[in-house]
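In what follows, a structure is listed as structure tokens, so that the remarks can point back to it.
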Amino acid sequence: MTINEIEKAAERLAKLQAQAEKLSAPLADAQAQLEAAQEAEATRRAERGAVYDRQFADTWQTRAEEAAHSGDDAHERFIKALSAEPWFAAYVEYRAARYRRGHVLTEAQRAQRSIGKPNTVPEQRWYDAEILDAIQRAVEKQAAELGAQFAKELTQAREDHVSRKD
């Protein structure tokens, strides 16, 4: 490299350093503004989150009560629909026979006590039908899925409140 080339390279380096110094101040300012804006947004979100949390904490009982009763109409429709099903009517009839037997056993025990005879009547035994377990499992699975969807909606409601620009 010649002295002339070295001088040109040194001049070019000095120019670029001057440009870099000239741009570094606005860059530092822009970076500081970004950090301040991010910090302000984080503070705003924290404050909105606290407002939402206070409101939710103050109203949770009403919300829980509403949620608990939100299925009342569905339960009534379910019982009506279920009662109209032939298989359900047959199952009710089958189970009613077990209750009738229970009433006979209870009356026989009462009668034996009344006349002073030793109690020879067995206690009523109940046998659960497997169909009820299968129905319960299916109901719980679908109900848990609906509950999980509701939890997502609650989380989204909080996020929407916190993220809302006022």
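Numbers here simply count residues along the sequence, with the first being 1.
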Say whether, by atom type as modelled, one donor and one acceptor occur between the side chain of Q112 and the main chain of Q109 under 3.5 angstrom.
no
Using a 3.5 Å distance criterion without hydrogens, assess whether the side chain of R101 forms a donor-acceptor pair with backbone atoms of Q124.
no
More than 12 heavy atoms of other residues, nucleotides or ligands under 6.0 Å from [atom1] of [X]: yes or no?
| X | atom1 | value |
| --- | --- | --- |
| F150 | CZ | no |
| D73 | CG | no |
| E123 | CD | no |
| E39 | CD | no |
| Y99 | OH | no |
| E93 | CD | no |

[X] and [Y] ion-paired at < 4.0 Å:
| X | Y | value |
| --- | --- | --- |
| R63 | E66 | no |
| R110 | E107 | yes |
| K15 | E11 | no |
| K80 | E85 | no |
| R12 | E5 | no |

Same cluster or not: [X] versus [Y], using hydrophobic residues (I, L, V, M, F, W, Y) connected whenever any side-chain heavy atoms lie under 4.5 Å apart?
| X | Y | answer |
| --- | --- | --- |
| L154 | V51 | no |
| V139 | Y91 | yes |
| L146 | F78 | no |

How long is the gap from [atom1] on [X] to [atom2] on [Y], to the nearest 0.5 Å?
| X | Y | atom1 | atom2 | value |
| --- | --- | --- | --- | --- |
| I3 | K8 | CD1 | NZ | 13.5 Å |
| R95 | R98 | CZ | CZ | 7.0 Å |
| T106 | H103 | OG1 | NE2 | 7.5 Å |
| L13 | I6 | CG | CD1 | 13.0 Å |
| E65 | S70 | CD | OG | 10.5 Å |
| Y52 | R164 | OH | CZ | 10.5 Å |

On a heavy-atom basis, which atom in A108 and which in V121 lie closest, and how many Å separate them?
CB-CG2, 3.6 Å
Closest heavy-atom pair and its distance - W87, I135
CH2-CD1, 4.1 Å
Could you verify whether a donor N or O on one side chain and an acceptor N or O on the other, from [X] and [Y], lie under 3.5 Å apart?
| X | Y | answer |
| --- | --- | --- |
| E21 | Q17 | no |
| D72 | H69 | yes |
| Q156 | D160 | yes |

Positive for side chain to side chain donor-acceptor pair (under 3.5 Å) with S163, one of R158, R44, R45, E41:
R45
